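Proteins come first, then strands; the chains are lettered A, B, ... in the order of their sequence lines, and each starts at number 1. Keep in mind that this is a model prediction, so the values were computed, not measured.
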Protein chains: 2
Amino acid sequence: MSQRPPLTRERIIETALHLIDGQGLGRLTMRRLGDALEVEAMAIYHHLPHGKEQLLEQLIAHVAAHPVPPGAGDVRDRLRAWAGGYRDRLLDHVGVMPLIVTRRNPGALMATTQSVQDLLRTAGRTEAEAAVGAHTLLGYLLGVVALDAREQAAETAPDLDRDGRFRAGLDGVLAAIA
Amino acid sequence: MSQRPPLTRERIIETALHLIDGQGLGRLTMRRLGDALEVEAMAIYHHLPHGKEQLLEQLIAHVAAHPVPPGAGDVRDRLRAWAGGYRDRLLDHVGVMPLIVTRRNPGALMATTQSVQDLLRTAGRTEAEAAVGAHTLLGYLLGVVALDAREQAAETAPDLDRDGRFRAGLDGVLAAIA
DNA sequence: ACCTGAACACCGTTCAAGT
DNA sequence: ACCTGAACACCGTTCAAGT
């Protein structure tokens with residue numbers, strides 16, 4: 001008798017993310033999520049009282065919240081490393097990109113943006129420069145991931161060096177802001 | 001007796017866009033679209049045999065396809081003007097942004113990207129520089145619109161100069177690529 | 001050719017009931 | 001407290017029928 005692990009918010013979120021990564025956002029339904037959790041769909045509402053809307057907000061938070069870690073060293077190097085990690089995470093969960101771009105849960109992305117802005121501020125930029133810089137870098141990251149995801153879908157030029165192109169573009173953006 | 005104008009693909013697309021702009025993507029359903037067109041929902045299938053999927057593809061094409069117009073003059077000036085217009089269009093139809101970021105209809109965005117790449121190529125950049133430049137500029141544009149849309153939803157700092165911040169970031173990106 | 005109406009499988013969610 | 005089961009309103013779509 002394989003005992004089912006207890007139903008928790010974390011397990012729900014993780015399973016939903018796994019479902020999206022494997023089958024796409026369109027196939028995430030409360031009923032299918034219930035099946036994957038070996039539970040009736042209605043049981044989910046006990047842990048997420050606001051239903052699917054709340055589930056999606058949690059997914060956005062889980063993927064999009066990725067603040068720059070504290071540390072020292074050259075600002076551009078720190079931002080370069082952080083941006084690479086953020087891009088990897090977003091590409092691992094491209095299925096949630098449409099959610100991140102939605103009006104739902106605006107806080108998740110804004111907290112991440114704020115952390116970049118704070119870093120730039122600490123590094124000596126003016127408040128206005130830091131705001132423009134953080135907005136530009138985050139915009140570049142989000143948009144480039146969206147473009148890469150589409151290219152993958154279209155499957156044109158499979159020999160394309162997406163990583164190299166990203167790093168080249170990133171260096172340009174970093175030169176402009178930091 | 002107000003005669004209903006004939007049902008055409010264009011009228012369907014326009015009405016759907018109007019519905020999204022006013023009520024959001026989540027409220028676009030075939031049945032509601034039928035109501036807005038003063039027709040049974042099933043009539044739409046006669047003009048879009050592949051149903052909602054085809055409708056969404058058309059909406060993406062309508063909003064995201066925005067190639068750089070032919071012309072002469074300073075490359076940065078041309079790209080600046082074009083980018084401003086593209087941003088305005090995307091902001092006018094933020095509701096379709098989640099669709100643009102989806103894997104559906106990859107061609108629409110890629111054609112736009114290609115037009116930027118061609119412009120950079122004609123202006124003397126190498127093929128690789130043009131590819132990185134087009135990808136960087138398009139990425140910046142898409143991502144920044146997504147961020148702006150979220151900020152609008154959160155309604156923090158209503159005195160924020162979003163247009164100025166965009167132009168400042170755009171100048172940085174243009175300096176890096178053109 | 002163009003549109004309608006009934007029908008089907010599926011969806012999110014409420015609500016009363018079980019343990 | 002935690003989960004189930006039936007029910008409701010809604011969805012996209014098929015298919016036969018109308019004109």
Pairing residues for B:R31 by the side-chain hydrogen bond (donor to acceptor under 3.5 Å, both in side chains) criterion, not counting sequence neighbours
none
A:R150 side chain to B:N105 main-chain N or O, any donor-acceptor pair under 3.5 Å?
yes
A:E40 meets the side-chain contact (heavy atoms from CB on, under 4.5 Å) criterion, sequence neighbours left out, with none
Do B:L109 and B:L138 touch side chain to side chain, with heavy atoms closer than 4.5 Å?
yes
What residues in residues 21-34 of chain A put a non-hydrogen atom under 4.0 Å from any atom of DNA chain D?
A:R31
DNA chain D in dot-bracket form (Watson-Crick or G-U pairs under 3.5 Å, [ ] crossing, | inter-strand) is ||.|||||...|||||.||
Does any pair with a residue in residues 130-139 of chain B pass side-chain hydrogen bond (donor to acceptor under 3.5 Å, both in side chains), and if so which ones, sequence neighbours excluded?
A:D148-B:H135, A:R165-B:H135
Would you tabulate the side-chain donor-acceptor contacts of residues 166-178 of chain A under 3.5 Å, counting partners in other chains and residues two or more places apart, or write 'none'?
{"residue": "A:D171", "atom": "OD1", "partner": "A:R80", "partner atom": "NH1", "Å": "2.3"}

Start and end of chain B contact along DNA chain D [non-hydrogen atoms, under 4.0 Å]:
D:dC11 to D:dT14
Scan for salt bridge (Lys or Arg N to Asp or Glu O under 4.0 Å) pairs involving residues 116-138 of chain A, sequence neighbours excluded, and state none if there are none.
A:R121-A:E127
Run the side-chain contact (heavy atoms from CB on, under 4.5 Å) test against A:D21 and tell me which residues pass, sequence neighbours left out.
A:L17, A:H93
I want to check something: taking the side chain as every heavy atom from C-beta on, are A:L25 and A:V96 in contact at a cut-off of under 4.5 Å?
no
Residues which pass side-chain hydrogen bond (donor to acceptor under 3.5 Å, both in side chains) with B:E14, listed by chain and number, not counting sequence neighbours
none
Near-strand residues of residues 43-60 of chain A, defined as heavy-atom separation under 4.0 angstrom from DNA chain C:
A:Y45, A:G51, A:K52
Between atom CD of B:E53 and atom CZ of B:R104, what is the distance when rounded to the nearest 0.5 Å?
4.5 Å
N/O donor-acceptor pairs under 3.5 Å from side chains in residues 56-72 of chain A, not counting sequence neighbours:
{"residue": "A:H66", "atom": "ND1", "partner": "A:R89", "partner atom": "NE", "Å": "3.4"}
{"residue": "A:H66", "atom": "ND1", "partner": "A:R89", "partner atom": "NH2", "Å": "2.7"}

